[in-house]
Amino acid sequence: MSHESLPQFLAKIDLFQGLSQDTLSDLMARGTTLTIPAGQHAVEQGADDAGLQVVLEGSAEVTVHGTDRAPLGPGDYFGEISLVDGLPRSATVVAGPDGLTTFALSSLAFAPVVKDNSDVAEALLKALTARIRSLEAQN
């Protein structure tokens, strides 16, 4: 992400594409950047914490009930399911060999943005639907 700013980076992600500059600025003001060292958990399946994280740099391995899923890289995100339903994490995400830098939004920070901006709610629904379709295609 070193060659572009955070707003430019976030604007390219399907979840935030098409959002106004004001909305993106609001999201950025509500979030934080996290750095997770190589091999450490970003989130753990079954944990009660909720929040969305967008991968800015590095990579991460994902497992669900011990089964490997596709790895994550810049532009990917995780936590959108728990963000919406408030239930425990559905996957474990572990920082890759070069570590992981993410932009993180807690559910408390994200909820008002969704309530005040139907574009964010629509983008979130589309992202979740795409994830469901992808899972169904694997079966």
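Not measured: the values here are computed from a predicted model.
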Decide yes or no for Thr63 and Arg69: does some side-chain heavy atom of the first lie under 4.5 Å from some side-chain heavy atom of the second?
no
Would a distance-only check, ignoring hydrogens and angles, find a side-chain to backbone donor-acceptor pair under 3.5 Å from Asp116 to Val113?
no
Atom CG of Leu128 and atom CD1 of Ile132: how far apart are they, to the nearest 0.5 Å?
6.5 Å
Distance, nearest 0.5 Å, that separates OH of Tyr77 from CD of Gln53:
14.0 Å
May I ask you to test the Pro97-Ser59 pair for a side-chain heavy-atom distance under 4.5 Å?
yes
Are the side chain of Gln8 and the backbone N or O of Ser5 linked by a donor-acceptor pair below 3.5 Å?
yes
Does the pair His41 and Thr92 meet the rule for a side-chain contact (heavy atoms from CB on, under 4.5 Å), with working shown?
CA-CA 7 Å; His41 287 196; Thr92 295; 3.8 Å; yes
Could you list the cluster mates of Leu72? Members are the ILVMFWY residues connected by side-chain heavy atoms closer than 4.5 Å, either directly or through other members.
Leu34, Ile36, Val43, Val55, Val62, Phe78, Val93, Leu100
After noting the C-alpha distance and the side-chain angles of Thr102 and Leu56, does the key distance pass the side-chain contact (heavy atoms from CB on, under 4.5 Å) rule?
CA-CA 5 Å; Thr102 67; Leu56 302 176; 5.5 Å; no
Closest non-hydrogen atoms of Pro37 and Ala95, given as atom of the first, atom of the second and distance, are O-CB, 3.3 Å
Yes or no on side-chain contact (heavy atoms from CB on, under 4.5 Å) for Leu19 and Val120, after CA distance, side-chain angles and deciding distance?
CA-CA 7 Å; Leu19 298 181; Val120 176; 3.7 Å; yes
Can you give me the closest heavy-atom contact between Pro74 and Gly58, atom names plus distance?
CD-O, 3.4 Å
Is there a donor-acceptor pair closer than 3.5 Å between any side-chain N or O of Ser25 and the backbone N or O of Gln21?
yes
Atom CZ of Phe16 and atom CE of Met28: how far apart are they, to the nearest 0.5 Å?
10.5 Å
Taking C-beta and beyond as the side chain, do Pro112 and Arg30 meet within less than 4.5 Å on heavy atoms?
yes
Looking only at heavy atoms, which two atoms of Asp76 and Gly73 are closest? And how far apart?
OD2-N, 2.8 Å
When every non-hydrogen atom of Ser82 is compared with those of Ser90, the smallest separation belongs to OG-N, 4.3 Å
Show your reasoning for whether side-chain contact (heavy atoms from CB on, under 4.5 Å) applies to Asp26 and Asn117.
CA-CA 11 Å; Asp26 188 23; Asn117 191 321; over 6 Å; no
Output the distance between atom CZ (Phe103) and atom CG (Leu6), rounded to the nearest 0.5 Å.
6.0 Å
Give me the atom names and distance for the closest heavy-atom approach of Leu15 to Ala123.
O-CB, 3.0 Å
Spatial distance of atom CD1 (Ile81) from atom CG (Leu52) [nearest 0.5 Å]:
11.0 Å
Taking Arg89 first and then Asp49, would you say they form a salt bridge - that is, a charged N and a carboxylate O separated by under 4.0 Å?
yes
What is the distance from atom CG of Leu105 to atom CG of Leu83, rounded to the nearest 0.5 Å?
8.0 Å
Is there a donor-acceptor pair under 3.5 Å between the side chain of Gln45 and the backbone N or O of His65?
yes
